[in-house]
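Accompanying notes for the structure given below.
Scope of the values below: all heavy atoms of this structure, side chains included, with no hydrogens, waters or symmetry mates. Remember, predicted model here, so these are calculated numbers, not experimental data.
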Amino acid sequence: MSHKKSIFLETHNINNRAGGLGTFNYELIKGLSGLDFENYELTLNSSNPDILKEEFKDKFKYHKYTSLSRHPLFRIRKKYDLWHSVNQNIKVEPYHCNKYLLTVHDVNFVDEVSSDPNHRVNRLFNAKLEKSTAITYISEFAKAETHKHFKVPNVPEYVIYNGNPISTLLDTSKYVADVPVDKPFFYAIGDFIERKNYESIINMMKLIKDFNLIISGNNNKKYGEEIKKLIDDNGLTNQVFLTGKVSDEGKQFFMKNCTAFLFPSIREGFGLPPIEAMSFGKPTFLSDKTSLPEIGGNASKYWSNFDPEYMKTVLFDGLNDFENNKEQYETIYKQRAACFNWKTAASEYLDVYKTVLQ
């Protein structure tokens, strides 16, 4: 019996399932759990391993994460054959490094924190690049940006798209929304951070009478306050509604019942919500920036600038088109969403593990 190769997945962000990274970690693990990896022993890192163990049983080994392990002296000493750093910002690194796989979601920190190569965030990322045996990216855009801003070592690189986070359709018939849904509405969801660019669709709403706009996401941040003020200042409080964070049931309710899904983000490493909306056969309107055209493909409509009149025109032309060919478009959207599958993604990661360990 040959020794099983050991792989450590640095997945401690899994607890924050409201954020993209938590979702990524969980869906990757869930995808892997459905695969056969007899010759490998996969260890998951989590501050609450019992929850994972309850769901995945003995399919994985589990390591209890503590924040101490972020300090060089208290790094995990066990020698794993492969360490998978599942995102580019992780502060937890191995004490001994055999082989190292880095997954890059985005390098937004260059624009949002500092572009100075000596800044701590860039130095930490460079250190990860330097010890990588292989690198995976979640989009061609993330790969291109990494190469634009950093000296990437000459190692194998792969682009592996995320899957659609909606794998189970929930019954939303009993869901009671705490914002008005009696009028047709557009929907948007995401974290309240500047790059989500919600002000563009709010400014567009000043020109639209017969629809509401509903935006979900944690809005008790500085940008959330700015958005609330923008809604107030423009007298849109009876037309634009913020739900705050929503449950999965709530999210599916709004996606299922909206007229269209709007996502004017100006920087995305990937962008999961448009895929979720397309899986309900909904017309999606995205900015044409960064990775979003890779996600929406030919199925979505795009805004190339954020002038309110122009945005409104693109929106209503697109909706008109949709109404005239509804069945055909719904099929196109659903097919597009189905291209993104976590089981496929997980098996591509497993192939990378095998290649790196050969």
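Closest non-hydrogen pair, M311 versus P264, comes out as CE-CB, 4.5 Å. Between T133 and N98, the shortest heavy-atom distance links the atoms OG1-O, 4.4 Å. Smallest separation of non-hydrogen atoms from T284 and S300: OG1-OG, 2.6 Å. Of all heavy-atom pairs spanning I295 and R336, the tightest one is O-NE, 3.0 Å.
For K61, the NZ atom is loosely surrounded, since the number of other residues' heavy atoms within 6.0 Å does not exceed 12. Counting non-hydrogen atoms of neighbouring residues, nucleotides and ligands closer than 6.0 angstrom, the CG atom of D178 exceeds 12 such neighbours. Counting heavy-atom neighbours within 6.0 Å of N298 CG, excluding the residue itself, gives a total of 12 or less. Around NZ of K57, the count of heavy atoms belonging to other residues, nucleotides or ligands within 6.0 Å exceeds 12. Other residues, nucleotides and ligands place more than 12 heavy atoms under 6.0 Å from the NZ atom of K131.
Cluster annotation: F8 is not connected to F74 through the hydrophobic network of ILVMFWY side chains, with a link wherever side-chain heavy atoms come within less than 4.5 Å. Under the 4.5 Å side-chain heavy-atom criterion for Ile, Leu, Val, Met, Phe, Trp and Tyr, F211 and V179 are members of distinct hydrophobic clusters. Linking ILVMFWY side-chain heavy atoms closer than 4.5 Å, directly or via other members, places I227 and F254 in two distinct hydrophobic clusters. Hydrophobic clustering (side-chain heavy atoms under 4.5 Å, transitive across Ile, Leu, Val, Met, Phe, Trp, Tyr) groups I138 together with V155. Tracing side-chain contacts under 4.5 Å through hydrophobic residues (I, L, V, M, F, W, Y), one reaches I266 starting from L315; they form part of the same cluster.
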Practice task
Dump the intermediate steps for side chain to side chain contact (heavy atoms under 4.5 Å, CB included) on L44 and I14, then the final yes or no.
Solution key: CA-CA 10 Å; L44 309 178; I14 191 155; over 6 Å; no
Practice task
Test salt bridge (charged side-chain N to carboxylate O under 4.0 Å, His left out) on D321 and K301 and set out the steps.
Solution key: CA-CA 11 Å; D321 210 9; K301 302 282 191 228; 3.5 Å; yes
Exercise for the section: Go through the steps to decide whether V352 and I160 satisfy the test side chain to side chain contact (heavy atoms under 4.5 Å, CB included), and finish with yes or no. Expected result: CA-CA 10 Å; V352 173; I160 301 176; 4.1 Å; yes
Exercise for the section: Please step through side chain to side chain contact (heavy atoms under 4.5 Å, CB included) for the pair I215 and I202, ending with a clear verdict. Expected result: CA-CA 10 Å; I215 308 176; I202 292 168; 4.3 Å; yes
Exercise for the section: Under the salt bridge (charged side-chain N to carboxylate O under 4.0 Å, His left out) rule, what do E226 and K221 come out as? Steps first, then yes or no, please. Expected result: CA-CA 9 Å; E226 291 168 19; K221 308 177 171 186; over 6 Å; no
Exercise for the section: Output, in order, the C-alpha distance, side-chain angles, deciding distance and verdict of side chain to side chain contact (heavy atoms under 4.5 Å, CB included) for F316 and I208. Expected result: CA-CA 10 Å; F316 284 99; I208 295 173; 3.6 Å; yes
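Between Q328 and T331, every side-chain heavy-atom pair lies at or beyond the 4.5 Å cut-off. Residues F261 and Y333 form no side-chain contact, since every pair of their non-hydrogen atoms from C-beta on lies 4.5 Å or further apart. Here the side chains of S279 and M255 are not in contact, with every heavy-atom distance at 4.5 Å or above. Residues I275 and F270 form a side-chain contact, since some pair of their non-hydrogen atoms from C-beta on lies under 4.5 Å apart. A heavy-atom distance below 4.5 Å is not found between the side chains of K78 and Y95. Side-chain contact between I231 and Y198 is absent, with no heavy atoms from C-beta onward closer than 4.5 Å. Contact annotation: the side chain of V104 approaches that of F125 to within less than 4.5 Å [non-hydrogen atoms, C-beta and beyond]. Side-chain atoms of F253 and L170, non-hydrogen and from C-beta on, never get closer than 4.5 Å to each other.
Residues Y310 and S304 bring a donor and an acceptor atom of their side chains to less than 3.5 Å of each other. Side-chain contact annotation: S114 with D116, donor-acceptor N/O pair under 3.5 Å absent. A donor atom on one side chain and an acceptor atom on the other are not found under 3.5 Å apart for E41 and Y80. Y161 and E294 share a side-chain donor-acceptor pair at under 3.5 Å. Residues S85 and K128 bring no donor and acceptor atom of their side chains to less than 3.5 Å of each other. For the residue pair N45 and H63, a side-chain donor N or O sits within less than 3.5 Å of a side-chain acceptor on the partner. Judged by distance alone, the side chains of E93 and Y100 do bring a donor and an acceptor atom under 3.5 Å apart. A donor-acceptor contact under 3.5 angstrom links the side chains of T103 and H84, judged on distance only. Under 3.5 Å, the side chains of S216 and Y187 contain a donor-acceptor pair of N or O atoms.
By the 30° and 60° cut-offs, the orientation of the rings of F109 relative to F150 is tilted.
Not one N or O on the side chain of E268 forms a donor-acceptor pair closer than 3.5 Å with the backbone of T290. A donor-acceptor pair under 3.5 Å is absent between the side-chain atoms of E27 and the main chain of W342, judged by distance alone. The closest donor-acceptor contact from the side chain of D81 to the backbone of S6 lies under 3.5 Å. Side-chain atoms of H71 do not come within 3.5 Å of backbone N or O of L73 as any donor-acceptor pair. A donor-acceptor pair is defined here as one N or O able to donate and one able to accept, closer than 3.5 Å; no such pair exists between the side chain of N212 and the backbone of K183. Formation of a donor-acceptor pair under 3.5 Å by the T259 side chain with backbone atoms of F186 is not found in this model. H105 places a side-chain N or O within donor-acceptor distance of the main-chain N or O of V86, the cut-off being under 3.5 Å. Judged by distance alone, with hydrogens and angles left aside, the side-chain atoms of K53 form no donor-acceptor pair with the main-chain N or O of Y62 at under 3.5 Å. The backbone N or O of K256 lies less than 3.5 Å from a partner atom in the side chain of K282, making a donor-acceptor pair. A donor-acceptor pair under 3.5 Å is absent between the side-chain atoms of R70 and the main chain of I90, judged by distance alone.
Taking the centre of each ring, F37 and F60 come in below the 6.0 Å mark. Aromatic pair F263/W303: ring centres not closer than 6.0 Å. When ring centroids are compared, F322 and F285 stay outside the 6.0 Å threshold.
Rounding to the nearest 0.5 Å gives a distance of 5.5 Å between CZ of F185 and CG of N257. In this structure, CD1 in I166 is found 4.5 Å from CD in E276, a value given to the nearest 0.5 Å. Expressed to the nearest 0.5 Å, how far OH of Y353 lies from NZ of K5 amounts to 15.0 Å. Residue H149 holds its NE2 atom at 9.5 Å from CG of N122, rounded to the nearest 0.5 Å. Rounded to the nearest 0.5 Å, atoms CG (D248) and OG1 (T172) are 12.0 Å apart. We find the CZ-CG distance between R267 and N108 to be 5.5 Å, quoted to the nearest 0.5 Å.
Comment: E225 does not engage K222 in a salt bridge, judged by the lack of any side-chain N to carboxylate O separation of less than 4.0 angstrom. Comment: E145 engages K148 in a salt bridge, judged by a side-chain N to carboxylate O separation of less than 4.0 angstrom.
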